[in-house]
Protein chains: 2
Amino acid sequence: MMRKKQKEVRDPEQIEKILRRARVGRLATNGADGYPYITPVNFVYFRGKIYFHCAPAGEKLDNIERDGRVCFAIDLPLAYLDTAYEPTASACAVTQLYQSVLIRGRAEQVDGLEEKAAVLNALMASHEGVADYADIAPDTPALALCTVVAIDIESLTAKAGLAQGKGAAEVEKIRRYLLARGLPGDLEAAALLG
Amino acid sequence: MMRKKQKEVRDPEQIEKILRRARVGRLATNGADGYPYITPVNFVYFRGKIYFHCAPAGEKLDNIERDGRVCFAIDLPLAYLDTAYEPTASACAVTQLYQSVLIRGRAEQVDGLEEKAAVLNALMASHEGVADYADIAPDTPALALCTVVAIDIESLTAKAGLAQGKGAAEVEKIRRYLLARGLPGDLEAAALLG
């Protein structure tokens with residue numbers, strides 16, 4: 001349920017762009033002690049699911065085996081509009097520009113070697129600067145020892161706390177502020193079009 | 001419970017440094033639907049607690065009112081050692097260098113105006129580049145409308161997936177890799193001493 005409808009992102013292409021731009025997401029599982037449990041994971045959005053690779057034992061896997069219900073969150077902080085942006089701002093006026101995706105789903109370990117190899121190769125390919133790695137074949141012996149988890153997406157919402165609803169002068173001011181901080185052009189474009 | 005003891009950070013000063021360096025943390029609450037629920041928040045570590053400021057209504061606050069048990073996670077990704085670091089690396093050998101803190105605690109809204117004002121001022125002061133903001137006084141009318149949440153820390157563990165246990169030649173290689181990517185000196189020092 002989203003409170004601020006103005007910030008909702010509905011365009012599937014834009015949502016996919018956020019999913020592909022993020023390298024780290026946070027996974028929350030239900031802990032045995034009644035507390036939720038958060039783990040940051042390097043992930044890839046692949047074939048409509050969230051996949052990550054992790055150690056073969058640990059609290060996160062124990063939690064998933066006991067209760068597959070998870071939350072997976074991606075947030076891309078874009079810029080912090082502080083007093084350098086608005087010198088007269090008080091603490092209440094400071095704003096974080098961001099894009100985020102929130103997923104509820106079911107997590108489970110992937111057993112198939114074909115799927116595991118495809119996921120690991122997709123993970124590598126999704127990470128910038130990693131181009132000439134050695135491809136993993138489904139019959140690689142180490143693959144059986146690798147743990148790969150898939151999150152089957154049950155619901156997804158995306159938000160952008162950006163320049164929506166602001167006037168042209170304000171948008172131009174934000175654009176100059178971002179450019180002065182060397183923020184990437186595509187992020188800037190996403191911010192202003194978001 | 002931490003599986004990899006080698007990665008544990010026990011020095012309170014180093015833990016506090018991680019808490020003070022991070023600007024964004026992720027809060028997980030227990031959702032009414034049985035799924036955990038993650039929200040990124042701008043926070044401050046102040047007087048031994050985690051504090052954040054949020055909208056006066058929403059799923060996160062509803063969850064906290066129903067069940068105060070939360071998880072709060074901070075992770076500082078430092079660098080990704082990919083094939084630019086190790087050209088022959090396969091997908092299994094790629095490593096993320098990071099520092100992280102995981103907290104379990106009880107969250108509740110702060111009602112006192114003195115505490116709220118102190119927290120908001122600490123939030124502003126903790127954010128780099130925000131020096132000359134207007135201080136908020138406890139009698140500021142808007143303060144009553146501001147929502148501030150405190151997390152009482154029940155347990156805390158910190159980890160550093162850095163250069164521990166590596167030989168001098170490998171540490172020197174990581175140092176050069178970080179420097180070539182313009183990573184800040186203090187982060188680099190933390191990485192190599194961590």
Worksheet item: Rounded to the nearest 0.5 Å, how far apart are SG of Cys71(A) and OH of Tyr37(B)?
Response: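 Result: 8.0 Å between the selected atoms.
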Discussion item. Can you list everything that forms a salt bridge (charged side-chain N to carboxylate O under 4.0 Å, His left out) with Arg66(A)? Sequence neighbours excluded, please.
Written reply: none
Worksheet item: For Leu102(A), is it the side chain, the backbone, both or neither that has a heavy atom under 4.5 Å from a heavy atom of chain B?
Response: side chain
Worksheet item: For Thr29(A), is it the side chain, the backbone, both or neither that has a heavy atom under 4.5 Å from a heavy atom of chain B?
Response: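 Contact with chain B: backbone only.
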Discussion item. Do Tyr35(B) and Val70(B) land in one hydrophobic cluster if side-chain heavy atoms of ILVMFWY residues count as linked below 4.5 Å?
Written reply: no
Item to complete: Give me the contact list for residues 109-117 of chain B versus chain A, heavy atoms only, anything under 4.5 Å, ordered by residue number.
Response: none
Worksheet item: Top residue by heavy-atom pair count (under 4.5 Å) with chain A, among Thr140(B), Asn30(B), Leu27(B)?
Response: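 That would be Asn30(B).
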Discussion item. Applying salt bridge (Lys or Arg N to Asp or Glu O under 4.0 Å) as the test, list every pair that has at least one member in residues 29-41 of chain A; sequence neighbours left out.
Written reply: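 Non-adjacent pairs meeting salt bridge (Lys or Arg N to Asp or Glu O under 4.0 Å): Asp33(A)-Arg104(B).
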Discussion item. Test of understanding: with ring-ring contact (aromatic ring centres under 6.0 Å, His included), list the residues that count as partners of Phe72(A), not counting sequence neighbours.
Written reply: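 Phe72(A) satisfies ring-ring contact (aromatic ring centres under 6.0 Å, His included) with Phe43(A) once adjacent residues are dropped.
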Worksheet entry | For the student: nearest non-hydrogen atoms of Arg69(B) and Pro36(A), plus distance | O-CD, 3.7 Å
